[in-house]
Each structure stands twice: as structure tokens, then as C-alpha cells.
Asker: 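I'd like to ask some things about the structure below.
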Amino acid sequence: MADTLPVETIFLRDDALTLQGRLAAAIVRAVLETRSRPGVRLPSSRKLARALGISRMTVTLVYQNLVSQGYLETLPRSGIAIAATVPLRRVEVAARGVSRALDWADWLSDQTLPKRVIRKPENWREFRYPFIFGQADPRLFDHGAWRDCARRALGTRDFSDLAADRYGADDPLLVDYICSHTLPRRGFQASPDEVLITLGAQNALFLATELLARIDRLAVAEEPGYPDFAETLRRARSPTTFLPVDGMGLDPAMLPEATQLIIVTPSHHIPTGATMPPARRHALLQRAEQLNALIIEDDYDFEMSYLAPPVPALKSLDSAGRVIYIGSFSKSLFPGLRIGYMVGPAPLIARARALRSIMLRHPPTHLQRITSYFLALGHYDAHIVRLRQALKQRRKVLEQALAQTTLQTLGAAAQGGSSMWLGAPGTDSADLAARLHAESVLIEPGAVFFEQPPAPCPVFRLGYGSIADDLIPEGVARIDRMARAMAQQAAKPAA
């Protein structure tokens, strides 16, 4: 090993926001990847600055910072060297061959991969016309307010409380806000022992189905519907019937006599946006009582009501405790937040808490507290106002653009929402989506929402939460041109 770390092993990447952060990461990476030992000197600040084309002062400041962290040390008249306390990434072991590879196919033989998965390109931000659902628009989010809440949550007063293992308990501030503000907005009340914080709505759905779905209990889900409902029930080996929805959502009269578990999205149906009217909600609860069935209500999108006041949750009509309510802040804030909640009778929540505790104890308490402050200090309400105003304008522009096309509007939430369910006759939406990639347009093909999709499947979901309103008309025009070209090609008689 050379006495000095070679300067060419230190190179910058875009792995930090600041130049100093990128340089610090580059030095740490070079030390670990080369397994340099304590005492090996770093290149002089002048030499490293010249090699990277950056200021010598930047190099000096980074060296000093890494010294203060105990990563590097200053040697008298010898410059900067790797400290004795630096962690080594690898342990050298003698190489040895593997006599026989494990047969993972056999180990996992009873585990099936999901059949229905919504896939979104990781580089969706690079598309000029990203008509995808569920992604946050950073232009609408108050980053400064979120940082202030994070600093507050990371302060000395909160740290000792949040750093402890809560053994399954949730942040009382967040639970209190949900009980005193969020749920009353949906028309019902709950006590803290009836609320569980989850890692998003999916985690809540998993816990509920894990506890309630059984091989001898028939479940019912919507068709088309949210793919995760089907996959979660499939994982639980629950026999499932998929019932078609109409303009008012799921029809309770179609529920089979053996139904024990019903999963619905009554406020904004996924993906059509249909809202179940009050009369049908009452009918659903009456039918569930006749069948002695339970209902899981996913109310993922109620904050996106800007054209009309939101209809009270199905849970608000439930007097027998049959409805398990699932909500989420991830949709209204940003999907990476992964903070959701489940509301149900105390015995169910106690069991769900116990199940969650052996999986992940509880969602990170600091993230819960940051969210609590963001909600309690009024930032959330201000964010929702901005979001609703932006979505209302985008919805108006989108409807005007669609009126100039041959595309069919098959569904849209009457209260608002952030997506529309469209049809392009004579096409298959998966093929349409693939061709639109070259036009820098993203849409969501519709087949994934069906247990038994039509073939070809001409329907697709068009989200407008992540695209600026001035880009919507041209994006829609490109979709229409491509769809008409495909339909004309399909209509030509075979040669």
C-alpha cells in the first residue's frame, strides 16, 4: 500500500447537494474502496484541488470537517492522514468455492410473484408530459416549512422521547391530530386505541387482510380496481370474487351470499373515480350486516375534493363497527413519506399493533413527529389549499383539451381527484403507452387494474397531479394523434 492515497482514486459524483458534500463522500468512498490503512496520507489540498478543478479552500474545509469527525487526523509536519478509528468496509478472507448452489426455486416454491403491479419509470421526471398518478409536484410543496418541522423534531426537547424504542406505540401527537382533526373531517370520531399508524396505506391493507382474510372466507374486490387489493388477498390465499363497478361504484346487490370481506374505494374509486352515493353506501352496510361481513374502506384521496365538498366516509355511517378505515398522508403530501393509518375497533387495532410490532415495531418516530408538527402548525392545511387550486386548474385545462380529441372520458371523480379514466377505441393501451414514450409522454395502461383485462385493452389512467397545466394541451394532443394513427392502422384490412 502506498504511503499516500492516489489522487486519481478521489473523484466527484452527484451524490450530495453541495460541492463540499460531494468531495467528502468522494474521499470516504476512496478510503473504503481501496481499504487504505490508518496512517496513509491524503493528497495535499493544493494537489487535490488542482486535480479536481475546485478551490483549495473547499478541500481544506472538507479535510478539517473529516478530522473533526474522527475520520482523518492531522500529522505534525506530515499533512492529513487516515485516522486509526476509520471503519474498514471489507474483511479479507480466503477464497473458497461453493460445492453446491442452493435451490432457491424449491425454497420459494409456494411463493408466487405478484401478477398485477403498477410500474412507473424511475426517470418519469425526465418525460416532458408525465401523466402519471400519485407522484408529488415539488412546485406545490413548502420545503421550508417541512425543514422547520424537521429541525423542531430533531431538537433536544424531542430527541430523548423520539429516540427511544416505543415497543409498538405510535407518536401520541400524530395520533391525537388524526383523532381530533382528520377523522372528524371524514364525519366520524375515534379514540387513540382505535388508531394505528402504518407505513402507508399498503401497510394498513396488509395488516388488515393478514388478520381478517382466510382460506375459508370469501373476499370481494372491485373490477377494475386497485391491483394491491388483489395481490394482498392472493398472498393471504383468500378466495376472491371481483365484481364489476358502475358509475356509482360497487353494487351491494351483486355480493355473493358467502361474502365475508369486502374491499372498496367508495369516495374515489380506483381507477374510474366513481363516487358511491349515500343510498348505495347505506345499502352496502345493510348487506354487510345481512352477510355478517366486514368492509375495508380505502379512503386514499379524500383531500383531493375541490369541485364539491367530499362525501362523508363510509365509516361515518357504520354503527356496528364493521368498517375498517384506511387513510394516508402520503398521497396528499408526497409518496415517499409512507405515513398512513388504520382505524377500527380497539380489539382489531390491538391485534394489528402486535402483528406490526414483530414486523417493524413502529414507523420511524422522528418521521411521525415531523408529520405531526407539519399538520399541527397549519402547514398541511395551507398545502391542501395550494394543491386543490392547482388540481382544479389542471382539471379544467385537461377537460378542455380532451374535448378536442377522439379520446373517451370513461370516469372522473365528481368531487375532484387527480386522474381520469380514458379510452382510446381501436388501440391497446399498453402498446399506446410504449409508442408514446418516444413522444416523451407517460400514461398508465389499464390492464393492470383488471383481474381479467379485455384484450385488447383500450382504457388507461391519465394522472394530472405531476404535470404543469400549460403542458397538458400538447400532451393530450400527442396522445390523441398516436391513438388515432393506431386505430386507423388496426382498421386497415390485412393484405
Side-chain angles (χ1 to χ4, degrees), residues 134 136 140-142 145-146 149 153 169-205 207-208 264-268 275 281 295-306 308-318 321 323-346 348-349 352-353 356 362-365 367-388 391 413 415-418:
L140 303 177
F141 190 73
D142 190 343
W146 184 261
C149 293
D170 294 312
D171 180 19
L173 293 185
L174 182 55
V175 173
D176 177 72
Y177 185 92
I178 292 172
C179 290
S180 60
H181 292 79
T182 304
L183 301 183
R185 289 180 178 179
R186 302 304 295 126
F188 66 97
Q189 305 279 346
S191 58
D193 63 346
E194 295 174 318
V195 177
L196 181 75
I197 306 300
T198 60
L199 285 175
Q202 272 83 359
N203 182 218
L205 175 65
L207 293 170
V264 289
T265 52
S267 294
H268 289 169
T275 297
R281 294 180 184 223
I295 302 171
I296 297 176
E297 176 185 14
D298 187 349
D299 199 19
Y300 68 99
D301 206 26
F302 85 89
E303 294 283 22
M304 304 303 103
S305 297
Y306 47 83
V311 177
L314 179 67
K315 178 69 175 174
S316 69
L317 306 174
D318 175 31
V323 178
I324 296 92
Y325 180 88
I326 293 176
S328 175
F329 295 111
S330 300
K331 285 288 187 294
S332 50
L333 288 174
F334 49 90
L337 179 63
R338 309 315 308 148
I339 293 290
Y341 51 94
M342 179 167 63
V343 184
L348 170 68
I349 295 302
R353 191 180 305 279
R356 188 195 65 178
H362 50 70
T365 48
L367 192 54
Q368 291 190 53
R369 182 60 56 88
I370 295 170
T371 305
S372 301
Y373 283 140
F374 196 81
L375 298 170
L377 295 177
H379 301 307
Y380 180 74
D381 289 336
H383 169 73
I384 293 301
V385 170
R386 286 192 302 273
L387 188 60
R388 287 173 175 170
L391 291 176
Q415 286 80 27
S418 57

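In what follows, every heavy atom counts, from backbone to side chain, and hydrogens, waters and symmetry copies are set aside.
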Asker: Give every residue pair that meets the salt bridge (Lys or Arg N to Asp or Glu O under 4.0 Å) criterion with at least one member in residues 177-191, sequence neighbours excluded.
Answerer: R185-E303, R185-D381, R186-D299
Asker: Measure centre to centre between the rings of F334 and W146, then say whether the value is under 6.0 Å.
Answerer: yes
Asker: Any salt bridge between R281 and D318, counting N to O under 4.0 Å?
Answerer: no
Asker: Please find the pair of heavy atoms, one from L140 and one from R386, that lie closest to each other, and give the distance.
Answerer: O-NE, 3.2 Å
Asker: Minimum heavy-atom separation for P310 to Q415, with atom names?
Answerer: CA-CG, 4.2 Å
Asker: Which atom pair, heavy atoms only, marks the closest approach of I296 to A208?
Answerer: CD1-CB, 3.8 Å
Asker: Tell me the closest heavy-atom pair linking A190 and C179, and the distance in Å.
Answerer: O-SG, 3.4 Å
Asker: Passes side-chain contact (heavy atoms from CB on, under 4.5 Å), R338 versus L367? Steps please.
Answerer: CA-CA 9 Å; R338 309 315 308 148; L367 192 54; 5.7 Å; no
Asker: Should the pair H181 and Y177 be assigned to parallel (<30°), tilted (30 to 60°) or perpendicular (>60°) ring geometry?
Answerer: parallel
Asker: Report yes or no: do T371 and Q368 form a side-chain donor-acceptor pair below 3.5 Å?
Answerer: no
Asker: At what distance, to the nearest 0.5 angstrom, does OG of S267 lie from CG of L314?
Answerer: 8.5 Å
Asker: Less than 4.5 Å apart, side chain to side chain, heavy atoms only: is that true for F329 and L337?
Answerer: yes
Asker: Checking Y300 side chain against T265 main chain: does a donor-acceptor pair fall under 3.5 Å?
Answerer: no
Asker: What I'd like to find out is whether the side chain of L183 reaches to under 4.5 Å of the side chain of Q189, using heavy atoms alone.
Answerer: no
Asker: Under the rule for ring-ring contact (aromatic ring centres under 6.0 Å, His included), what residues qualify as partners of Y325, not counting sequence neighbours?
Answerer: F188
Asker: For salt bridge (charged side-chain N to carboxylate O under 4.0 Å, His left out), just list the numbers for D170 and R356, CA-CA rounded to whole Å, side-chain angles, deciding distance to a tenth of an Å, and then say yes or no.
Answerer: CA-CA 11 Å; D170 294 312; R356 188 195 65 178; 2.8 Å; yes
Asker: Is there a side-chain contact between I197 and M342, using heavy atoms and a 4.5 Å cut-off?
Answerer: no
Asker: Could you tell me whether the side chains of D171 and S372 share a donor-acceptor contact shorter than 3.5 Å?
Answerer: yes
Asker: Could you tell me whether the side chain of L205 reaches within less than 4.5 Å of the side chain of I326, counting heavy atoms only?
Answerer: yes
Asker: Under 4.0 Å between a side-chain nitrogen and a carboxylate oxygen: does that hold for D301 and K331?
Answerer: no
Asker: First locate atom CZ of F302, then atom OG of S332, and finally report the distance between them rounded to the nearest 0.5 Å.
Answerer: 7.5 Å
Asker: C149 pairs by side-chain contact (heavy atoms from CB on, under 4.5 Å) with which of D142, I370, L375?
Answerer: I370
Asker: Quick one: closest heavy-atom pair of D298 and P266, and the distance?
Answerer: O-CD, 4.4 Å
Asker: Below 4.5 Å, heavy atoms only, C-beta onward: do I324 and V343 meet side chain to side chain?
Answerer: no
Asker: Within the 4.5 Å heavy-atom criterion, are P345 and E194 side-chain neighbours or not?
Answerer: no
Asker: If every non-hydrogen atom of Y373 is compared with every non-hydrogen atom of H379, which pair is closest and at what distance?
Answerer: O-CD2, 4.4 Å
Asker: Would you say that I339 contacts L333 through its side chain, given a criterion of any heavy-atom pair below 4.5 Å between the two side chains?
Answerer: no
Asker: With the side chain counted from C-beta on, respond yes when I178 and V195 share a heavy-atom pair under 4.5 Å apart, and no when they do not.
Answerer: yes
Asker: Parallel, tilted or perpendicular: which one describes the rings of F374 and F141, with boundaries at 30° and 60°?
Answerer: parallel
Asker: Stepwise, does the side-chain contact (heavy atoms from CB on, under 4.5 Å) test hold for S305 with H268?
Answerer: CA-CA 10 Å; S305 297; H268 289 169; 4.1 Å; yes
